Amino acid sequence: LEVAKQDAEGAITAATTAKDAIVVEKANDAEVKVETAQKESADLSTALQAALADLASLRALLAAAEVDAQVASTQAAAAIDAAESSSVDLSAKVAALETALVVAEAAAAAAVEVA
């Protein structure tokens with residue numbers, strides 16, 4: 001009976017030791033998984049911060065491009081106005097030259113008649 005009791009105690013000790021080893025192994029695995037998850041979370045946080053910085057930079061570039069587009073539009077409108085004004089001026093000058101030509105032709109014809 002004593003031998004059976006010792007065998008049972010040995011089996012209990014062996015089972016307890018095996019159980020403790022399994023618990024330690026699972027705890028170590030869980031710790032590794034937690035550390036891995038924390039590292040991945042930090043990596044994702046860093047990537048998110050970089051993406052947000054890129055987004056802010058793109059927004060600033062877009063705002064600058066919009067300002068540039070507005071300036072270019074204003075300059076183009078001024079150039080069109082200047083071209084239209086110049087065209088009107090040229091039309092007036094051409095009309096004046098045509099009138100002067102008619103007057104000169106009439107003067108030349110009168111001079112020919114007098115001569």
Side-chain angles (χ1 to χ4, degrees):
L1 187 61
E2 187 63 34
V3 171
K5 180 181 172 190
Q6 289 176 354
D7 286 345
E9 287 174 352
I12 290 172
T13 301
T16 302
T17 301
K19 182 187 87 164
D20 291 345
I22 290 170
V23 167
V24 168
E25 182 181 344
K26 286 187 177 184
N28 288 340
D29 287 348
E31 186 177 344
V32 167
K33 287 179 181 177
V34 166
E35 289 173 356
T36 301
Q38 287 174 338
K39 183 182 181 311
E40 289 174 354
S41 175
D43 291 347
L44 288 173
S45 177
T46 300
L48 179 60
Q49 289 173 352
L52 289 174
D54 289 346
L55 179 60
S57 176
L58 288 173
R59 284 183 176 164
L61 288 173
L62 178 60
E66 287 175 350
V67 169
D68 289 347
Q70 288 174 347
V71 168
S73 175
T74 301
Q75 290 174 343
I80 289 169
D81 288 346
E84 288 174 350
S85 175
S86 177
S87 174
V88 168
D89 289 347
L90 286 176
S91 294
K93 287 178 183 176
V94 166
L97 287 174
E98 288 174 344
T99 301
L101 180 61
V102 169
V103 169
E105 287 174 348
V112 167
E113 284 182 22
V114 171

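Model, not experiment: these values are computed from the prediction. Note that the numbering runs from 1 along the sequence shown for the chain.
Remark: the backbone N or O of Ala69 is not paired with any side-chain donor or acceptor of Ser73 at under 3.5 angstrom. Between the side chain of Thr74 and the backbone N or O of Gln70, at least one donor-acceptor pair lies under 3.5 Å. Between the side chain of Ser41 and the main chain of Ala37, no donor-acceptor pair closer than 3.5 Å is present. Side chain of Ser57 to main chain of Ala53: no donor-acceptor pair is present (N/O by atom type, distance under 3.5 Å, no hydrogens or angles). Side chain of Thr99 to main chain of Ala95: a donor-acceptor pair is present (N/O by atom type, distance under 3.5 Å, no hydrogens or angles). Ser86 places no side-chain N or O within donor-acceptor distance of the main-chain N or O of Ala82, the cut-off being under 3.5 Å.
Rounding to the nearest 0.5 angstrom, the gap separating the CD1 atom in Ile80 from the CD atom in Gln75 is 12.0 Å. To the nearest 0.5 angstrom, Leu1 atom CG is 8.5 Å from Lys5 atom NZ.
Listed by first and then second residue, the salt bridge (Lys or Arg N to Asp or Glu O under 4.0 Å) pairs that reach into residues 10-38 come to none, sequence neighbours excluded.
Looking only at side-chain heavy atoms (C-beta outward), Leu58 and Leu62 stay at 4.5 Å or farther from each other. Side-chain atoms of Ile12 and Thr16, non-hydrogen and from C-beta on, do get closer than 4.5 Å to each other. A heavy-atom distance below 4.5 Å is found between the side chains of Val34 and Gln38.
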| field | Test log, rule side-chain contact (heavy atoms from CB on, under 4.5 Å), inputs Leu101 and Leu97 | value | CA-CA 6 Å; Leu101 180 61; Leu97 287 174; over 6 Å; no
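Among residues two or more places apart in sequence or in another chain, the side chain to side chain donor-acceptor pair (under 3.5 Å) test is passed with Asp43 by Lys39.
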